Amino acid sequence: QKEVEQNSGPLSVPEGAIASLNCTYSDRGSQSFFWYRQYSGKSPELIMFIYSNGDKEDGRFTAQLNKASQYVSLLIRDSQPSDSATYLCAVGKAAGNKLTFGGGTRVLVKP
Amino acid sequence: AAGVIQSPRHLIKEKRETATLKCYPIPRHDTVYWYQQGPGQDPQFLISFYEKMQSDKGSIPDRFSAQQFSDYHSELNMSSLELGDSALYFCASSLGMRKEQYFGPGTRLTVT
């Protein structure tokens, strides 16, 4: 079992709809949580980070963290074709610096 | 805003050769990370430096070494290259440890 799990998709959503992505992690010592967007052949782009339980909103993106259930989610509102990409969930622990990534969820936004 | 700079962007080497990848962090960032991403895989952590000292180590082969210099740039040295080393190598930087990491454009290494 991977430390960080994501549904690989593809998640197909119509333009203007809400895309909902989920991520679970196994280490209860995890302290920091990140969502990256990655286009094919490009580098991961940080779009959201969250450290405390609850919701965090930034523009069309909302990250939700539930440490008791060990999951973090990302909502993309008013999805646009340019949102079509792979979304990587990354988790950091209290000790050490590394991020552990999930396998990514591929999102396809259809016009 | 200034971003992480990596050089070279593309590198082709033969088996058993050596390669050096360079990373220039975002100005004022004091922590640098190296990740390797193979085709169809997620990024795998290699090593990190905080204030020029190694701060964490992941699945980095013994053939690889890295350091962070006084100007905070970092270099990843790779020796005795193998075909399996072909991958995208990303450098990321952050302001402080365990903070948001911003990735550079990556170096695509091809070993033939």
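Just so it is clear, the values below take in all heavy atoms, side chains as well, and ignore hydrogens, waters and symmetry mates. Keep in mind the model is a prediction, meaning the values are calculated, not measured. Just so we're on the same page: letters track the sequence lines, and every chain starts at 1.
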Report, as yes or no, whether the 6.0 Å neighbourhood of atom CG on B:Asp71 holds more than 12 heavy atoms from other residues, nucleotides or ligands.
-> yes
Interface residue of largest heavy-atom contact number with chain A, from B:Ser48, B:Pro105, B:Pro43, B:Ser55, under 4.5 Å = B:Pro43
Do the side chains of B:Ile5 and B:Tyr89 join up, straight or via other hydrophobic residues, at under 4.5 Å, putting them in one cluster?
-> no
Would the number of heavy atoms belonging to other residues, nucleotides or ligands and lying under 6.0 Å from NZ of B:Lys22 be above 12?
-> no
Would you mind checking which part of A:Lys98 comes under 4.5 Å of any heavy atom in chain B, side chain (CB onward), backbone (N, CA, C, O), both or neither?
-> both
Counting only heavy atoms closer than 4.5 Å, note whether A:Gln38 contacts chain B via side chain, backbone, both or neither.
-> side chain
Can you tell if the side chain of A:Leu99 reaches within under 4.5 Å of the side chain of B:Tyr35, non-hydrogen atoms only?
-> yes
Are A:Leu88 and A:Met48 grouped together when hydrophobic residues (ILVMFWY) are joined by side-chain heavy atoms under 4.5 angstrom apart?
-> no
Taking everything shown except A:Arg60 itself, do over 12 heavy atoms lie less than 6.0 Å from its CZ?
-> yes
Look at the side-chain heavy atoms of Ile, Leu, Val, Met, Phe, Trp and Tyr, link any pair under 4.5 Å apart, and say whether A:Ile76 and A:Phe33 land in one connected group.
-> yes
Heavy-atom pair with the smallest gap, counting every atom of A:Lys2 and B:Asp42 = NZ-OD2, 2.9 Å
A:Lys42 vs B:Leu88 side-chain heavy atoms within contact, under 4.5 Å | no
Should A:Leu74 and A:Tyr25 be regarded as members of a common hydrophobic cluster, given that ILVMFWY residues are connected when their side-chain heavy atoms come within less than 4.5 Å of each other, either directly or indirectly?
-> yes
Below 4.5 Å, heavy atoms only, C-beta onward: do A:Phe101 and B:Gln44 meet side chain to side chain?
-> no
Are more than 12 heavy atoms from other residues, nucleotides or ligands located less than 6.0 Å from atom NZ of A:Lys56?
-> yes
Rounded to the nearest 0.5 Å, the OH atom of A:Tyr36 sits from the CD atom of B:Gln101 at a distance of 5.0 Å
Check whether any side-chain heavy atom of A:Tyr51 lies under 4.5 Å from a side-chain heavy atom of B:Glu100, and answer yes or no.
-> yes
Looking only at atom types and distance, does a side-chain atom of A:Ser43 sit under 3.5 Å from a main-chain N or O of B:Gly104, one as donor and one as acceptor?
-> yes
From B:Met97 CE over to A:Ser32 OG, what is the distance, rounded to the nearest 0.5 angstrom?
-> 12.0 Å
Measure distances from B:Ser94 to the heavy atoms of chain A and classify the residue's part below 4.5 Å as side chain, backbone, both or neither.
-> neither
Contacting region of B:Gln41 [heavy-atom separation from chain A under 4.5 Å] | neither
Would one find more than 12 heavy atoms of other residues, nucleotides or ligands at under 6.0 Å from atom CD1 of B:Ile12?
-> no
